[in-house]
Amino acid sequence: MRLATWNVNSIRSRADRVVAWLQRSDVDVVALQETKCRDEQFPEDRFRELGYEVAHVGHSQWNGVALLSRVGLSDVQVGFPGMPSWAAKEGLDPAPEARALGATCGGVRVWSLYVPNGRQLGDPHYDYKLAWLEALRVAAGGWLIDDAEAQVALVGDWNIAPQDDDVWDMSVFADSTHVTPAEREAFRAVVEAGYADVVRPHTPGPGVYTYWDYTQLRFPRREGMRIDFVLGSPALARRVSGARIDREERKGKGASDHAPVIVELA
DNA sequence: ATGGTTGAAGGTCAA
């Protein structure tokens, strides 16, 4: 089984490219992030035509996560238990954001995750990011306490560069999010809860990234960040026979700023 | 020039 994750940065502007990518990549399951549309706007027919079942959650032009699967798609769950909401204003009902979608695909519990960006240090969104990650650790850790042999994949855009090697130049990130000790600790806590980065052993660095900013000629200059991850439970990690980052897909006109990440399961 | 690009409910915000 071939499993992928990809922050597409708008599914409507990228649909042709995603279709073409699916046709040449032969993936069974793909988790998408930043679909940037409401459910009724999601071009699901494009993917059903290719044999994929589709689940999506999106409330607005922001966020939005989806799962496409041609090996079954059942028990769809919007958000994980305890997922924090973004409270736009104190006293108002907090708005649940479209950042997590779970489903069972080919026997694997797959979660498409779009971790909050955090914006700037000191911004309320930074605290929200840390709280969101801690809640994810509690929920996902609990799944393995319930069943140590569960096959779980936590995949998506984590908006964290866990190691210095995961950005092209640490000096550029002084006073920036994505690399702070607190964010790295939050990521490490998920790993310690039993979820391993199953891609890195197959794509060693340095200089290996999944995201390149559109500005500053970051991609041709090879100035990127490794922020998209497939974290696997022990039972899932044992099945991983290979992984790659599809850097080719970042090339050319109309590319997302993120590359797809693909894992091969035996 | 404190910039650069992209996408969306765009005439601004988020990434």
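In what follows, every chain begins at residue 1, and chains take the letters A, B, ... in the order their sequences are listed.
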Using a heavy-atom cut-off of under 4.0 Å over every strand shown, decide if A:Q41 touches base, sugar-phosphate, or nothing.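 Answer is sugar-phosphate: A:Q41 comes under 4.0 Å of backbone atoms only.
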Assign A:F219 to base, sugar-phosphate, or nothing according to its heavy-atom contacts below 4.0 angstrom with the strands shown. nothing
Do A:R239 and A:Q151 have a side chain donor and acceptor closer than 3.5 Å?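 The answer is yes; a qualifying pair exists.
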Side chains of A:Y128 and A:S85, donor plus acceptor under 3.5 Å: no
Taking for A:N9 and for A:Y211 the nucleotide of DNA chain B with the nearest heavy atom, the one nearer the 5' end belongs to A:N9
Can you confirm whether more than 12 heavy atoms, excluding those of A:D45, are under 6.0 Å from its CG atom? yes
For atom CZ of A:R48, is the number of surrounding heavy atoms from other residues, nucleotides or ligands below 6.0 Å larger than 12? yes
Starting from [atom2] on [N], measure out to [atom1] on [X] and report it in whole angstrom.
X      : N      : atom1 : atom2 : value
A:I11  : B:dT6  : CD1   : P     : 18 Å
A:E223 : B:dG4  : CD    : P     : 17 Å
A:R17  : B:dT6  : CZ    : C1'   : 13 Å
A:N7   : B:dA15 : CG    : C1'   : 9 Å
A:H125 : B:dC13 : NE2   : P     : 13 Å
A:L217 : B:dG3  : CG    : C1'   : 13 Å
A:R250 : B:dT6  : CZ    : P     : 9 Å
A:Q216 : B:dA1  : CD    : P     : 18 Å

Go through the steps for A:W143 and A:F80 under the test ring pair (Phe, Tyr, Trp, His ring centres under 6.0 Å), then give the verdict. CA-CA 11 Å; A:W143 301 332; A:F80 54 82; 7.3 Å; no
Does a side-chain N or O from A:R12 land closer than 4.0 Å to OP1 or OP2 of B:dA9, or not? yes
Ignoring backbone atoms, establish whether A:R14 has a side-chain N or O less than 4.0 Å from OP1 or OP2 of B:dG7. yes
Given [options], identify the nucleotide with an atom nearest to the side chain of [X].
X      : options              : value
A:S60  : B:dG4, B:dA9, B:dG7  : B:dA9
A:S10  : B:dA15, B:dG4, B:dA8 : B:dA8
A:Y114 : B:dA9, B:dA8, B:dA15 : B:dA15
A:Y214 : B:dA15, B:dT5, B:dA8 : B:dT5

Nearest-Å distance once atom [atom1] is located in both [N] and [M]:
N      : M      : atom1 : value
B:dA1  : B:dG10 : P     : 32 Å
B:dG11 : B:dT2  : C1'   : 23 Å
B:dG3  : B:dA8  : P     : 24 Å
B:dA9  : B:dA14 : C1'   : 13 Å

Is a salt bridge present between A:R70 and A:D26, judged by a nitrogen-to-oxygen distance below 4.0 Å?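 A:D26 and A:R70: salt-bridged.
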